[in-house]
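Since the structure comes first, as structure tokens, the remarks are kept for the end.
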Amino acid sequence: MLYVLAAQPLASHLRRQCQLGVIRPITMPDGQPAPVSHQHADDTSLHVLEPRDAQVALDTSIGLFCAASCSQLNAGKSQAFLVQAQPLASATVSTLPSISFITGQQTIKHLGVRLGYDMPAACHQTFTGIYQAIRAKVRHWSARGLSFSGRVHVAKQVLAASLWYHATFQRPPEQLLQQISRQLTRYVASAQHQSQGDAAVALAQGNSQDSAALPASAPSAALFPRVLTSSLPPAQGGVGLVEVPTQIQALQAKVVSRLLEPERLAWKVFQPHHLSHAPQASQLAYGATILFSTASTASLHLPARLMGYVTAFRALQPHRLLPVNAMPAEAILNEPLFLTSKSNCHSAPQLHIAPMVQHPQALTACLQSLLLALPLPWQAAATAAPTAPPWRQGHSASGTQLIQNTQTGQQHSVSPHCQLLQAPTQAISISGPMHVTPWDPSRPWRGPAQQSAQSTVALYSQGRLWGPEHLSWGVWGWGQQPAHQLVVRQASQRLRLIQARKHGILAPGALTCQPRLLPSLGSVLTPTQVLQALESRWTASMQASSAGRARLSSDVPDSQPAWMALSRGRRQHWSQRQLQQQAQQQQQPSQQPQPHHSDRAAIGDTVDVLAPPASHPQLFEWRRVWELASAAYFNRQHRVLWWRILHGCVMCGAFGAYIGRATMEQACCPYACCSSPNQPQTISHMFLECPMAATVIGWLCRLWQAVTGHLPDASVATILVASTSEGHCASDALLQTWHRLRLAVLHSIWTAARIAASSTHTSTQASQSSSQSHLASKLALKTIVSMIRHDWVKCTDDVRQLSGACSSWLRGRDPSMTLQAFRDLWCHHDALASIHTAHTGTEDKLELVVNLSDMVPVQLF
């Protein structure tokens, strides 16, 4: 606070010197002077026109500030940078000895970002240091025995977090970006040995089917989905793994989306200037609307950094939120006429703008043909008589800019940030119409449609009506969100979904993923069919190959159903593909290249590319299953087990043999009481068909029958995948109870199976199955009773007061639970638990009675 009180007079004195003409500032493209100083904490930067102006600022304002605050300028740490040709720097160094100018390949570090005359070299130097720091952090965290989700969290919050600040300013070089992504992938895949590092990365990236020689035992990455699948949010089948390229794109798209907001900032003046003076649109001055146009980014010839911003924003594939027939007349008139995709306007001629601007007659004829190709509502709006604009710009007798509301007559002055301030009424000369936008200055990303009753809405001048700064709010966006309300988390998820759709991980229109070990299929399957397909591949590979070989691209016999066949062949090496492309180009006759006017299709601009079609009920079933599997009320271990079951990554015997981690004997069920002696231990056999599991599953079904009166079917769709309709659950509370009981029993069976597999006594007698059923039943009972008592504590006590810390420090979900909510969960028909009132002297006390132990089929105690 003391530093702010001392630094504020310095900025005021610099602005005063600028107003008096002592210091000449940089003139921005709109003719306004740029701020002469920027203060960020204890870093102060001066922006002046010439080096002698910097010397004047040091001698006057900076010297006065040092004398008044008893401070001293550290000339050794101060540097200067000429924003022009590099040879001029060496010519001015001798004339200004008090200022150290950088020359040649030297760089200046401004707010952590290196700047220089060779920006690619400065960018490479910045991200090389970040890459070395990430490698050191990877070595540090690799020594910790973290789980898969723990490594995902460290990769996102520790490793990749050191990259975002600099990557927001400029995209890293592609080679360094690939190396950083590879480091994160190797760490998450837990491949610490160099011998298995490349195989694990290839496996995690989904290229295992292309690898000709994998190790005999597949790395630990085989137990998890590929990187792109894991980068999806939990509600769509992933774990939220950070995906560096898409996250960088989302951050850069956020930067350029600020151009859609009305606040006036100095840096927002330069970028619209570059967009308006692009070679392909220089005669039309499109401004920020070029973000939604079909102009090719390669033909714009923008600066490298701005080109990256525009490319990142377009990668989100924005679409129209309003149908063409529902757009208001003002939004229709604000639509650019050239370089834009228009629905029902596919027959519009390809326009060469520069020659037509020089020949008005040709331009008039082309405009008439283009207007006839527009939709009928647009033609009516374009040919109708214009209405009187509600806001007009004028100037007072003293030359002050004023904006007047033509309906009320109220006049407003314009603040430096373009906000309208009420002004006294006076005589003004009207010059032209203006566009005024209501906005909430406290939350820049929240538009007028999302204003709350407590927020203050201000009026902002957005420039002249139908000018390059005028944008129609709510016309463009993605999903249901307008384009000016871009949120980085949602944008990165959208980019991952688009990329997953491009690589075939997402079915057309789907918002879910398929397991990595399942080949890309031509049709969409239900979760039950996916699990059955995986188990069929495991069983077929056990019969067609020997033990000890990784079967990530197993040779499946032709006896499988047609819908389980591979939809594409093995990928070829890049050199072979390049030779084939060259041969095809030589065979084809030479053709004149057609001008490319669009980076995306010009049709269907009102359709979201991620909108699921209504003709695939399997997609909605997958979405419902993934959203349910990511529910926060599940125990973490139970949620992880169900996630692995849906992905087909449970380490059962058949899966272990499929990836080369188990022999043929270990792939079979270890219990002699099974139906066949060499029964493969698949997921459905381990949890449903095996006599050890069937006893516990039968108890679960009978227990649920006592709760609701309905006996559920012990099938894959009901018990493992839970993709069937829960018609037996009369309420959402019962639905939650059913899934919590189901996952508790499945986790108990899984724990008992792992204990049996790690036991040194390999008895195959039927008594072992009985003992494992006994163990699984005890574990299930203990888990369910623990869940009931845990919820009871949330009803009777505030757990936030039991931690010994300030309750306001604890964030997240509300840990409290009402008594009625507990009754709905566990006290239905008093089959699981009941609540009784005990009279203890002066007050009554509620007591919990657990009735679950009366229904366990085996002797527990």
Side-chain angles (χ1 to χ4, degrees), residues 147-149 189-190 203-204 217-226 229-230 234 237-239 513-518 527-542 550-552 554 625-626 628-630 634-663 666-671 674 679-690 692-694 696-697 714-723 739 742-758 772 776 779-780:
S147 62
F148 174 68
S149 59
S190 191
L203 180 67
S217 179
S220 58
L223 303 179
F224 309 104
R226 68 183 79 182
T229 303
S230 299
V239 292
C513 62
Q514 293 179 347
R516 177 184 53 79
L517 299 181
L518 184 69
T528 305
Q529 290 176 339
V530 167
L531 186 58
Q532 292 173 353
L534 289 175
E535 293 178 345
S536 299
R537 291 178 64 86
W538 300 346
T539 305
S541 64
M542 290 173 57
R551 314 231 163 259
L552 303 180
S554 61
V625 169
W626 283 125
L628 184 60
S630 61
F634 289 136
N635 183 281
R636 180 181 178 275
Q637 296 179 347
H638 301 170
R639 186 169 57 247
V640 169
L641 177 61
W642 192 13
W643 184 85
R644 296 181 71 118
I645 289 175
L646 293 175
H647 277 288
C649 297
V650 178
M651 184 56 75
C652 56
F655 177 65
Y658 183 77
I659 64 175
R661 286 196 171 191
T663 61
Q666 295 174 345
C668 299
C669 184
Y671 305 115
C674 285
Q679 174 67 36
Q681 191 186 38
T682 60
I683 295 178
S684 59
H685 179 81
M686 174 187 291
F687 290 103
L688 295 178
E689 301 170 0
C690 182
M692 184 272 293
V696 189
I697 295 297
S715 62
V716 175
T718 304
I719 303 299
L720 292 182
V721 180
S723 61
H739 288 299
R742 180 181 61 83
L743 291 181
V745 171
L746 291 178
H747 187 267
S748 301
I749 296 174
W750 166 250
T751 304
R754 301 310 298 167
I755 293 176
S758 62
Q772 296 305 319
L779 292 175

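Index from 1, following the sequence. Treat the numbers as computed from the prediction; the structure is a model and nothing was measured.
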If the condition is side chain to side chain contact (heavy atoms under 4.5 Å, CB included), which residues does [X] pass it with, not counting sequence neighbours?
X	answer
Thr528	Thr526, Gln532, Val716, Ala717, Val721, Ser723
Ala694	none
Ala780	Trp699, Val745, Ser748

Search all heavy atoms of [X] against all heavy atoms of [Y] and return the closest pair with its distance.
X	Y	value
Phe655	Val650	CD2-O, 3.3 Å
His638	Ala744	CE1-CA, 3.7 Å
Leu646	Ala629	CD1-CB, 4.1 Å
Ala753	Met692	CB-CE, 4.4 Å
Arg754	Met651	NH1-O, 3.3 Å
Trp538	Cys652	CZ3-SG, 3.8 Å

- side chain to side chain donor-acceptor pair (under 3.5 Å) against Ser630, all qualifying residues, sequence neighbours excluded: none
- Item | Those residues that, when tested against Arg742, pass side chain to side chain donor-acceptor pair (under 3.5 Å) (two or more places apart) | His739
- Item | Pair Ser149-Val239, side-chain contact (heavy atoms from CB on, under 4.5 Å): steps then yes or no | CA-CA 7 Å; Ser149 59; Val239 292; over 6 Å; no
- Message: Rounded to the nearest 0.5 Å, what separates atom CD in Gln681 from atom SG in Cys690?
- Response: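 It is 7.5 Å, given to the nearest 0.5 Å.
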- Message: With heavy-atom distances below 4.5 Å as the criterion, would you say the side chains of Phe687 and Leu720 are in contact?
- Response: yes
- Query: Got a donor-acceptor contact below 3.5 angstrom from the His747 side chain to the Leu779 backbone?
  - Reply: no
- Using modelled atom types only, decide if a donor and an acceptor are shared between the side chain of Glu535 and the backbone of Ile683 within a distance under 3.5 Å. yes
- Message: Set out, in order, the CA-CA distance, both residues' side-chain angles and the distance that settles side-chain contact (heavy atoms from CB on, under 4.5 Å) for Tyr658 and Leu534, then state yes or no.
- Response: CA-CA 10 Å; Tyr658 183 77; Leu534 289 175; over 6 Å; no
